[in-house]
Trainee: 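My questions will all concern the structure given below.
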Amino acid sequence: MKIDPRSVVYIIIIGSLLMSGGMFAVARGYLAQVPGVQRWAKATLMLGLGWIVSAALRGVIPEVVSVVLGNGLISLALWHYLAIFAAFRQKNFDQRWIWWGVGLQLALMTWFVLVQPHFSLRGAVYHVFLVGIMAWSGWILLSGQGWRQRAQGYTAAVCVLCALVLSIRIVNYLFFNYSADNIPFQQSLLNDVSYLVFYLVSVLLTFCYVLMCNERYFRQRADDERIVREGYERALQEQRRIDNLKSEFISVVSHELRTPLTSIRGSLGLLDGGAAGALSPQAHQLITIAHKNSQRLVSLVNDILDMEKLASGKMVLHPERLDLIVLVRQAIEANQSYAHGYGVSYQMQNDTECAWVWADGERLMQVLANLMSNAAKFSAPGQQVWLRVLWIDQRYRIEVEDHGKGIPENFRPHIFGRFAQADLSDTRKSQGAGLGLNISKSLIEKMGGEIGFDSQENCKTVFWVALPAL
């Protein structure tokens, strides 16, 4: 089947015009930020018009118009492609080369058409300019390790292929098909194929340029993400460094405070107990106040140390097989005097004889002490705080119930937060730093259990701890 090159050229011309219109359209979107897109669209439109004048209208309009104007538009479009490649690769390119090159081509083409109408010479001279443009484009794209970018390598290969085909055509013009007749698409199969390759390559360049822009976009995006990631990692390392310094500072200060505070509390306890002899009522009152506040300070320092150990992962638990019934009774005995200070008492209700779990007994006693002291502080004098051990959902559950004012609705989401206190006024009744429940939650979760609460305002509050049964 014989190829009709002229029909193929018509199809390529239409495709070129459609591509230029499409690039004008996409240049109105995010691609408008890519340098050279609009200029490439204009050059592609210019290329399509050059094909129309030089190929589609050949024989219809005067030859001087079709040859000079048509080929001049094609050359001008290719020169613009070259300038865009240079801008894309950030290479120095003198824009005056475009006008010098096109002007020289137009002058030579006009001379050949009007003075020396020899088709082979005219074609050879014209294609020398095209070979130079395409070879220059390939060199710009490949220079400076540009071949490492896949899309740039494809584009350079297309330019080199076009230059090679046009070079073969020049040789064919000068040595094998030297003719003065101007009969397009009828010289030889090589000339017909070279025409088609040149036009197809011109179309492929647009797709290659889109690939280059797309590759640059994703490469720039990857670089931006890498910069953000590195910045985040640096910030994270700095944050970790600051956290470590903070933890070390808290640990050192807390340890340094605990030793003298323990001595102060012991000495005040001895004075309060009359070890140094009888004290006047005023002195005894002052000693009692100082003793209670020293106990508060020691408790606060211990809570800060526990919080720091939990946050840094340095808290070591020693789990063992425990009977919660026995543990709750021991907690009541240990904290009953604290409840008496608020005029309340602890009472135990249980329906089971034993409740075996795997937990750290000392830390579980600490959790119960926190829950029981809170229940005592928020109960009215004369009331009772109930403790229960229940079997619920394959777990043993310890409940501490008081009949105080309950927990306000807006504070419940923050109840287990650090330094969380429902009453922040200077005249609040309860004393404490708001660390007990946060520490209790961390300890229970570290034991594989769960802690929570149920509260009704102006009625009661039930804090519960659930641990897996053995």
Side-chain angles (χ1 to χ4, degrees), residues 12 16 19-20 23-24 26-27 31-48 50-51 71-106 108 124-170 194 197-223:
I12 296 174
S16 176
M19 281 195 304
S20 63
M23 293 193 74
F24 273 119
V26 299
L31 279 180
Q33 301 176 2
V34 179
V37 171
Q38 292 184 347
R39 187 176 182 183
W40 191 281
K42 294 176 183 178
T44 306
L45 177 62
M46 195 183 307
L47 185 64
W51 290 342
N71 292 331
L73 288 173
I74 292 173
S75 300
L76 184 61
L78 295 180
W79 275 106
H80 276 290
Y81 286 170
L82 173 59
I84 294 169
F85 286 144
F88 188 88
R89 295 283 289 117
Q90 297 180 348
K91 300 289 185 181
N92 293 328
F93 179 78
D94 191 347
Q95 298 290 330
R96 291 175 294 181
W97 274 102
I98 297 177
W99 307 112
W100 293 342
V102 173
L104 182 58
Q105 291 177 69
L106 292 178
L108 289 174
V125 172
Y126 172 66
H127 283 80
V128 166
F129 283 97
L130 298 184
V131 169
I133 296 173
M134 303 307 289
W136 196 353
S137 298
W139 178 81
I140 285 177
L141 290 170
L142 292 178
S143 63
Q145 297 183 339
W147 53 272
R148 290 189 176 182
Q149 305 300 329
R150 186 175 300 176
Q152 290 179 200
Y154 291 158
T155 310
V158 169
C159 293
V160 172
L161 174 63
C162 186
L164 180 61
V165 171
L166 293 177
S167 299
I168 296 174
R169 190 175 183 188
I170 293 172
S194 63
V197 169
F198 171 67
Y199 290 138
L200 286 172
V201 165
S202 300
V203 174
L204 286 175
L205 283 177
T206 297
F207 290 101
C208 289
Y209 180 68
V210 172
L211 287 177
M212 288 168 56
C213 293
N214 187 64
E215 186 178 46
R216 169 173 285 188
Y217 170 74
F218 283 106
R219 187 170 69 250
Q220 183 64 41
R221 185 174 178 181
D223 291 341

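This one's a predicted model, so the numbers in the text were calculated from it and none came from an experiment. What you see below is based on every heavy atom in this structure, not just the backbone, and it leaves out hydrogens, waters and symmetry mates.
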Trainee: Taking side chain as C-beta onward, heavy atoms only, is Trp99 less than 4.5 Å from Leu76?
Mentor: yes
Trainee: Between atom CD of Gln149 and atom CG of Leu142, what is the distance when rounded to the nearest 0.5 Å?
Mentor: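 Gln149 atom CD to Leu142 atom CG measures 12.0 Å (nearest 0.5 Å).
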Trainee: Can you tell if the side chain of Arg89 reaches within under 4.5 Å of the side chain of Gln152, non-hydrogen atoms only?
Mentor: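 Yes - at least one pair of side-chain heavy atoms lies under 4.5 Å apart.
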Trainee: Applying side chain to side chain contact (heavy atoms under 4.5 Å, CB included), name anything that partners Tyr154, two or more places apart in sequence or on another chain.
Mentor: Arg150
Trainee: Scan residues 93-102 for pairs that pass salt bridge (Lys or Arg N to Asp or Glu O under 4.0 Å), counting only residues two or more places apart or in two chains.
Mentor: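 Only Asp94-Arg96 qualify under salt bridge (Lys or Arg N to Asp or Glu O under 4.0 Å).
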Trainee: Could you state the interatomic distance from CZ (Phe129) to CE (Met134), rounded to the nearest 0.5 Å?
Mentor: 16.0 Å
Trainee: On a heavy-atom basis, which atom in Leu73 and which in Gly50 lie closest, and how many Å separate them?
Mentor: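 For Leu73 versus Gly50, the nearest heavy atoms are CB-CA, 3.7 Å.
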Trainee: Is Trp79 close to Trp100 at the side-chain level, that is, under 4.5 Å between some pair of heavy atoms?
Mentor: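 Sidechains of Trp79 and Trp100: no contact.
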Trainee: With rounding to the nearest 0.5 angstrom, report the CG to CD distance, Leu82 to Gln95.
Mentor: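 The CG atom of Leu82 sits 9.0 Å away from the CD atom of Gln95.
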Trainee: What's the shortest heavy-atom distance between Leu141 and Ala156, and which atoms?
Mentor: CD1-N, 3.6 Å
Trainee: Could you check if a side-chain atom of Tyr126 sits within less than 4.5 angstrom of a side-chain atom of Leu166, using non-hydrogen atoms only?
Mentor: no
Trainee: Could you work out, with side chain to side chain donor-acceptor pair (under 3.5 Å) as the rule, every residue matching Thr44, not counting sequence neighbours?
Mentor: Trp40, Tyr81
Trainee: Roughly how far apart are Leu78 CG and Ile74 CD1, rounded to 0.5 Å?
Mentor: 7.5 Å
Trainee: What heavy-atom pair brings Ala135 and Ala163 nearest, and what distance separates the two atoms?
Mentor: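 What the structure gives for the nearest pair is N-CB, 4.2 Å.
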Trainee: State, yes or no, whether a side-chain contact exists between His80 and Lys42 at a heavy-atom distance under 4.5 Å.
Mentor: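 When only atoms from C-beta onward are counted, Lys42 and His80 do not touch, as no gap falls below 4.5 Å.
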Trainee: Any donor-acceptor pair under 3.5 Å linking the side chain of Ser75 with the backbone of Gly72?
Mentor: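 Not confirmed, Ser75 side chain does not pair with Gly72 backbone.
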Trainee: Quick one: are Phe85 and Cys159 in side-chain contact, heavy atoms under 4.5 Å?
Mentor: yes
Trainee: Supply the atom-to-atom distance Gln105 CD to Leu130 CG, rounded to the nearest 0.5 angstrom.
Mentor: 6.5 Å
Trainee: Can you tell me how far the CG atom of Leu108 sits from the CG atom of Asn71, to the nearest 0.5 Å?
Mentor: 12.5 Å
